[in-house]
Amino acid sequence: MKTTVDISDGLLHEARRLARSEGTTLRALVEEGLRSVLARRAEKEGYTLPDASVGGRGLQPQLRDASWEDVRALAYGDRL
């Protein structure tokens with residue numbers, strides 16, 4: 001498929017020089033660049049949060065069987 005793309009003169013000159021030195025075409029470089037950008041952006045879609053866990057053995061023994069309401073009341077006290 002043919003299309004028209006506006007590219008700055010400096011970038012086009014540099015790309016043509018690279019294509020000549022590598023024995024390839026400007027088209028091949030553009031396609032390689034587009035594939036690279038598409039692949040890199042596809043990788044970013046599946047973001048995983050970094051592990052932010054802290055040391056310790058969980059809740060204090062007296063709270064292990066407590067309900068969330070009990071834990072919240074203890075944490076916030078009169079500020080609820």
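Values reported hereafter were calculated over all heavy atoms of this structure, with side chains retained and with hydrogens, waters and symmetry mates removed.
Annotation for L63 and L59: closest pair O-CD1, 3.5 Å, computed over non-hydrogen atoms. Minimum interatomic distance between I7 and L12 (heavy atoms only, all atoms of both residues): CG2-N, 3.8 Å.
To the nearest 0.5 Å, atoms NE2 (H13) and OG (S8) are separated by 11.5 Å. Here CZ of R64 is found 9.0 Å from CD of Q62. Values are rounded to the nearest 0.5 Å. Rounding to the nearest 0.5 angstrom, the gap separating the CD atom in E22 from the CD atom in E32 is 7.5 Å.
V71 shares a hydrophobic cluster with W68; the chain of contacts runs through ILVMFWY side chains whose heavy atoms sit under 4.5 Å apart. Residue L29 is found in a hydrophobic cluster whose other members, listed by chain and number, are L18; membership requires side-chain heavy atoms under 4.5 Å apart, directly or through intermediates.
For the salt bridge (Lys or Arg N to Asp or Glu O under 4.0 Å) test, no residue two or more places apart in sequence or in another chain qualifies with R41.
In this structure, the side chain of R40 does not engage the main chain of V37 through any donor-acceptor pair within 3.5 Å.
E31 CD: more than 12 foreign heavy atoms inside a 6.0 Å radius.
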